[in-house]
Amino acid sequence: MASFTVVVGDPDSGSSYQLEAEEQDANRFIGKSIGEEVDGGAVGLDGYTLEITGGSDNAGRPLNREVAGTSLKEVLMNERQTGYKPSRDGERRRITVRGREVSDAVAQINASIVEQGSTDVDELLGNADAEDDE
């Protein structure tokens, strides 16, 4: 069974939330690629729409937007990209990355809120502060 940690970023507040998607809910992510939208109900954000922005597999290799499919591939990188930061000008290196499509080998998915729901994120997740009640 697939199980993912989904890190959801809220661009309006700048907050991020680490959520779990297991079994049936995790299957909503399988087969989707970076840049595609997913219903937020899969991680408990009913009424929200999420856009997949990246992720990594069990070994920490990042998903790469330019590599098709779900397989591993060695890519020659010559500028700053996800998974590679050159230490000097002109430096190139082969880095093993995973394709842009989400599969059961992916451990973490990064997503961003594209469409807000009617309820606040903190209320849906039960993170409302005690200060708000006063």
Side-chain angles (χ1 to χ4, degrees):
M1 282 289 170
S3 175
F4 304 117
T5 299
V6 181
V7 179
V8 178
D10 185 359
D12 293 339
S13 68
S15 300
S16 62
Y17 307 93
Q18 189 168 338
L19 308 169
E20 294 293 325
E22 296 177 355
E23 299 175 10
Q24 277 306 106
D25 293 331
N27 289 338
R28 293 186 194 179
F29 290 97
I30 292 181
K32 301 285 185 180
S33 296
I34 294 176
E36 289 190 41
E37 295 183 354
V38 179
D39 179 37
V43 289
L45 297 175
D46 296 325
Y48 283 74
T49 303
L50 308 175
E51 178 185 359
I52 298 173
T53 58
S56 62
D57 66 4
N58 295 329
R61 291 180 289 252
L63 298 181
N64 191 308
R65 190 176 292 269
E66 280 108 39
V67 177
T70 61
S71 62
L72 294 175
K73 185 173 181 182
E74 287 189 349
V75 178
L76 182 63
M77 296 189 182
N78 59 358
E79 58 187 28
R80 185 181 174 114
Q81 296 178 33
T82 302
Y84 177 63
K85 298 178 196 168
S87 58
R88 57 187 164 82
D89 288 341
E91 181 179 4
R92 301 183 312 170
R93 185 166 291 160
R94 281 202 192 281
I95 304 293
T96 303
V97 295
R98 189 163 288 280
R100 65 177 160 252
E101 191 174 314
V102 176
S103 68
D104 58 350
V106 174
Q108 176 182 327
I109 299 172
N110 302 331
S112 179
I113 296 174
V114 177
E115 214 173 282
Q116 298 280 344
S118 58
T119 312
D120 188 43
V121 177
D122 288 326
E123 290 178 30
L124 283 173
L125 300 176
N127 296 340
D129 294 333
E131 298 171 9
D132 293 341
D133 296 335
E134 293 178 7

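What you see is a predicted model; the values in this text were computed from it and never measured. We number each residue from 1, following the sequence as shown.
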Can you measure from [atom1] ([X]) to [atom2] ([Y]) and round to the nearest 0.5 angstrom?
X	Y	atom1	atom2	result
Asp122	Ser13	CG	OG	7.5 Å
Gln108	Gln18	CD	CD	7.0 Å
Ser3	Glu20	OG	CD	5.5 Å
Glu37	Ile52	CD	CD1	10.0 Å
Phe4	Leu19	CZ	CG	14.0 Å
Thr5	Asn110	OG1	CG	10.5 Å

Flag the pair [X] / [Y] as yes when at least one side-chain heavy-atom distance between them is below 4.5 Å, and no otherwise.
X	Y	value
Val106	Leu63	yes
Thr53	Ile34	no
Val43	Tyr17	no

Open item on the list: Closer than 3.5 angstrom, by distance alone: can the side chain of Glu123 be matched with the main-chain N or O of Asp120 as a donor-acceptor pair?
Closed with: no
Out of curiosity, does [Y] fall in the hydrophobic cluster containing [X] (side-chain heavy atoms, cut-off under 4.5 Å, transitive links)?
X	Y	value
Leu124	Val38	yes
Val114	Val6	no
Tyr84	Val75	yes

What heavy-atom pair brings [X] and [Y] nearest, and what distance separates the two atoms?
X	Y	result
Ala68	Arg100	CB-NH2, 3.6 Å
Arg93	Glu91	NH2-OE2, 3.0 Å
Thr82	Pro62	CG2-CB, 3.7 Å
Ile113	Tyr48	CG2-CD2, 3.7 Å
Asp46	Gly41	OD1-CA, 3.3 Å
Ala42	Asp25	O-CB, 3.2 Å

Task: Counterpart residues, side-chain contact (heavy atoms from CB on, under 4.5 Å), relative to Asn64 (two or more places apart) - done: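 If we apply the side-chain contact (heavy atoms from CB on, under 4.5 Å) test to Asn64, skipping adjacent residues, the hits are Glu66, Val67, Met77, Gln81, Val97.
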- [ ] Go through the structure and list residues passing side-chain contact (heavy atoms from CB on, under 4.5 Å) with Arg61, not counting sequence neighbours.
- [x]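 Counting only residues at least two positions away or on another chain, Arg61 forms a side-chain contact (heavy atoms from CB on, under 4.5 Å) with Asp57, Ala59, Leu72, Thr96, Arg98.
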Open item on the list: Determine whether Gln116 and Asp10 satisfy the following criterion, side chain to side chain contact (heavy atoms under 4.5 Å, CB included), listing intermediate values before the conclusion.
Closed with: CA-CA 9 Å; Gln116 298 280 344; Asp10 185 359; 3.6 Å; yes
Open item on the list: Go through it in stages, so that I can follow the logic: the residues are Val102 and Glu36, the test is side chain to side chain contact (heavy atoms under 4.5 Å, CB included), and I'd like the CA-CA distance, side-chain angles, deciding distance and then a yes or no.
Closed with: CA-CA 11 Å; Val102 176; Glu36 289 190 41; over 6 Å; no
